Amino acid sequence: QVQLVESGGGLVQAGGSLTLSCEVSGRPFTYYNMGWFRRAPGKEREFVARISLTGITTDYADSVKGRFTISRDNVKNTANLQMNGLKPEDTAVYYCAAGMESGGKYDYLYWGQGTQVTVSS
């Protein structure tokens, strides 16, 4: 059983920064591509960023490009999301996910419980 535990959420003013961390346990971390998603109040869950098994390849939603950076530490079994230049519209519950990739398609098998990020204007 794979477990994901997010941390690092909180309340921050617009323009500020937060770093989210996701610790993975239960199976080898390097089996999984890692992703971050978010769900804002009243909205569908949306993709934020993902990172490949080795950390070489990353991808971002247009709304966060240039502000957010995803990384992973394959020794500490963590995936991180550095968020700079936060905006009120970034307010959401953020989830990390672990999954597999095949033919360019990602299947996220395991999810964390989420961490709240609130950005005040």
Side-chain angles (χ1 to χ4, degrees):
Q1 183 73 16
V2 178
Q3 293 184 325
L4 287 71
V5 179
E6 300 102 335
S7 60
L11 173 64
V12 64
Q13 289 188 333
S17 299
L18 282 175
T19 300
L20 305 183
S21 184
C22 176
E23 184 173 0
V24 180
S25 62
R27 287 193 177 171
F29 183 58
T30 51
Y31 282 6
Y32 303 107
N33 294 277
M34 296 299 299
W36 284 95
F37 294 77
R38 67 187 182 187
R39 177 176 283 148
K43 294 188 176 181
E44 298 286 320
R45 185 176 65 198
E46 65 175 357
F47 165 76
V48 175
R50 60 173 163 250
I51 189 166
S52 61
L53 302 178
T54 59
I56 292 175
T57 303
T58 58
D59 191 21
Y60 297 91
D62 288 342
S63 58
V64 307
K65 276 182 183 176
R67 300 188 297 122
F68 290 12
T69 303
I70 189 171
S71 62
R72 65 187 295 158
D73 186 328
N74 286 349
V75 173
K76 295 182 179 179
N77 293 349
T78 58
N80 300 311
L81 186 68
Q82 173 69 43
M83 306 185 293
N84 299 326
L86 283 161
K87 304 175 181 179
E89 52 263 43
D90 294 318
T91 295
V93 178
Y94 284 71
Y95 301 88
C96 69
M100 315 298 285
E101 181 270 337
S102 177
K105 294 185 178 181
Y106 291 82
D107 182 15
Y108 290 98
L109 306 173
Y110 306 102
W111 293 81
Q113 82 287 351
T115 186
Q116 176 71 46
V117 171
T118 302
V119 184
S120 63
S121 57

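None of these values were measured; they are calculated from a predicted model.
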With clusters defined by side-chain heavy atoms of hydrophobic residues (ILVMFWY) lying less than 4.5 Å apart, directly or transitively, does [Y] cluster with [X]?
X	Y	answer
Leu86	Leu11	no
Phe47	Val117	no
Val12	Phe68	yes
Trp111	Met34	no
Leu20	Val64	yes

Gln82, CD atom: more than 12 neighbouring heavy atoms under 6.0 Å =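 Yes.
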ask   = Taking everything shown except Tyr31 itself, do over 12 heavy atoms lie less than 6.0 Å from its OH?
value =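 No.
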query = Residues two or more places apart in sequence or in another chain: which of them pass salt bridge (charged side-chain N to carboxylate O under 4.0 Å, His left out) with Glu101?
reply =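 Glu101: no salt bridge (charged side-chain N to carboxylate O under 4.0 Å, His left out) contacts found.
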Can you check whether [X] reaches [Y] side chain to side chain, under 4.5 Å on heavy atoms?
X	Y	answer
Leu53	Thr30	no
Val75	Phe29	no
Ser63	Arg38	yes
Val2	Tyr32	yes

key: Lys65 with Asp62: basic N within carboxylate O range, under 4.0 Å   =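 Yes, this pair counts.
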Quick check: closest heavy atoms across [X] and [Y], and the distance to 0.1 Å?
X	Y	result
Ala49	Tyr60	CB-CD2, 3.6 Å
Leu4	Tyr110	CD1-CB, 3.6 Å
Gly8	Leu18	O-CD2, 3.8 Å
Ser121	Pro88	CB-CG, 3.9 Å
Asn84	Ser17	OD1-OG, 2.9 Å
Lys76	Asp73	N-OD1, 3.0 Å

inquiry  = For residues 1-12, which residue pairs pass the side-chain hydrogen bond (donor to acceptor under 3.5 Å, both in side chains) check, not counting sequence neighbours?
reply    =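 The answer is Glu6-Gln113.
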query = Going from CG on Asp59 to CD1 on Ile70, what distance comes out if it is rounded to the nearest 0.5 angstrom?
reply =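 If we round to the nearest 0.5 Å, Asp59:CG and Ile70:CD1 are 9.5 Å apart.
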ask   = When rounded to the nearest 0.5 angstrom, what is the spacing between OG1 in Thr54 and CG in Asn33?
value =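 It is 9.0 Å, given to the nearest 0.5 Å.
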inquiry  = Please tell me whether Glu23 and Ser21 have a donor and an acceptor in their side chains that are separated by less than 3.5 angstrom.
reply    =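 No.
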message = Using the rule ring pair (Phe, Tyr, Trp, His ring centres under 6.0 Å), only one of Tyr108, Tyr95, Tyr94 pairs with Phe37; which is it?
response =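 Single ring pair (Phe, Tyr, Trp, His ring centres under 6.0 Å) partner of Phe37 among Tyr108, Tyr95, Tyr94: Tyr108.
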request  = Would you check if the side chain of Arg50 reaches a backbone N or O of Ala97 as a donor-acceptor pair within less than 3.5 Å?
outcome  =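 Looks like no, no N/O pair under 3.5 Å.
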